[in-house]
Structure formats: C-alpha cells, structure tokens
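The next block holds one structure in the form of structure tokens; read it before the comments.
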Amino acid sequence: KIFGFGGFGIGIYKFEMYIYDRWGELLYRTEDPNKLWDGTYKGEVCQDGVYVWLIIKKDDLGRTSRHIGHVTLLK
C-alpha cells in the first residue's frame with residue numbers, strides 16, 4: 001500500500017511544500033496542499049532514510065509561517 005506525506009490546515013491562502021534529501025537536493029515541490037509526496041524522485045522510489053521537509057504557508061489573515069521537520073521513508 002502506498003502512502004503519502006503532506007501538510008494540511010484551515011484558512012490557508014497560499015501553500016508551498018518542499019522535500020529535500022540529506023545532501024540538500026530538492027526532490028519534490030508542490031503548491032497544492034492536497035498533493036502528497038509519494039516517496040519518489042523522477043519516477044524512482046527513493047532510498048530508505050530521513051528526508052527534510054519545509055512548508056511555507058500564508059493564512060487568510062496575511063500571516064506567513066515556515067515549518068521545518070524530518071520524515072523517515074521506509075519501504
């Protein structure tokens with residue numbers, strides 16, 4: 001079964017999500033909060049490991065916030 005990783009929230013006006021590998025290479029980017037990262041890059045499944053995510057969002061009151069964390073990919 002394939003799962004995905006993403007973000008969600010209420011009152012979000014603008015959304016950006018980035019996924020990076022441990023060397024800082026950008027593997028995934030979306031501006032659609034409904035699109036999830038499926039653990040692939042250029043059509044290939046990524047190696048098991050820890051990946052960095054960055055979410056930048058702007059709410060309907062005009063406030064911008066950045067959230068950074070890690071996600072572990074296991075097959």
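The figures that follow rest on heavy atoms only: side chains count, while hydrogens, waters and symmetry mates do not. The shown structure was predicted, so the numbers you read here are calculated from the model rather than taken from an experiment.
Nearest approach of Tyr41 to Leu26, heavy atoms of both residues: CE1-O, 3.6 Å. Pairing each heavy atom of Leu27 with each of Cys46, the nearest pair is CD1-SG, 4.1 Å. Considering all non-hydrogen atoms of both residues, Asp59 and Tyr13 come closest at O-CB, 3.7 Å. The minimum heavy-atom distance linking Tyr51 with Asp21 is given by the pair CD2-CA, 3.8 Å. Here the closest heavy-atom approach between residue Gln47 and residue Leu73 is recorded as O-CD2, 3.5 Å. Nearest heavy atoms, Ser65 versus His67: OG-NE2, 3.1 Å.
Within a 6.0 Å radius of CZ in Arg22, no more than 12 heavy atoms belonging to other residues, nucleotides or ligands are found.
Clustering ILVMFWY residues whenever any of their side-chain heavy atoms sit less than 4.5 angstrom apart, transitively, puts Leu54 in the very cluster that holds Val52. When hydrophobic clusters are built by joining Ile, Leu, Val, Met, Phe, Trp and Tyr residues whose side-chain heavy atoms come closer than 4.5 Å, directly or via intermediates, Ile12 is grouped together with Phe5. Taking hydrophobic clusters as Ile, Leu, Val, Met, Phe, Trp and Tyr residues chained together by side-chain heavy-atom distances below 4.5 Å, Ile56 shares a cluster with Tyr20. Under the 4.5 Å side-chain contact rule for hydrophobic residues, Phe15 and Val71 share a cluster.
Side chains of Thr30 and Asp32: no donor on one and acceptor on the other come within 3.5 Å.
One finds the CD1 atom of Ile68 at 5.5 Å from the CZ atom of Arg66 (value rounded to the nearest 0.5 Å).
Taking the six-membered ring for Trp and the full ring otherwise, Trp53 and Tyr28 have centroids separated by 6.0 Å or more.
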key: side chain to side chain contact (heavy atoms under 4.5 Å, CB included) evaluation trace for Lys57 with Glu16   = CA-CA 6 Å; Lys57 66 178 181 65; Glu16 297 172 62; over 6 Å; no
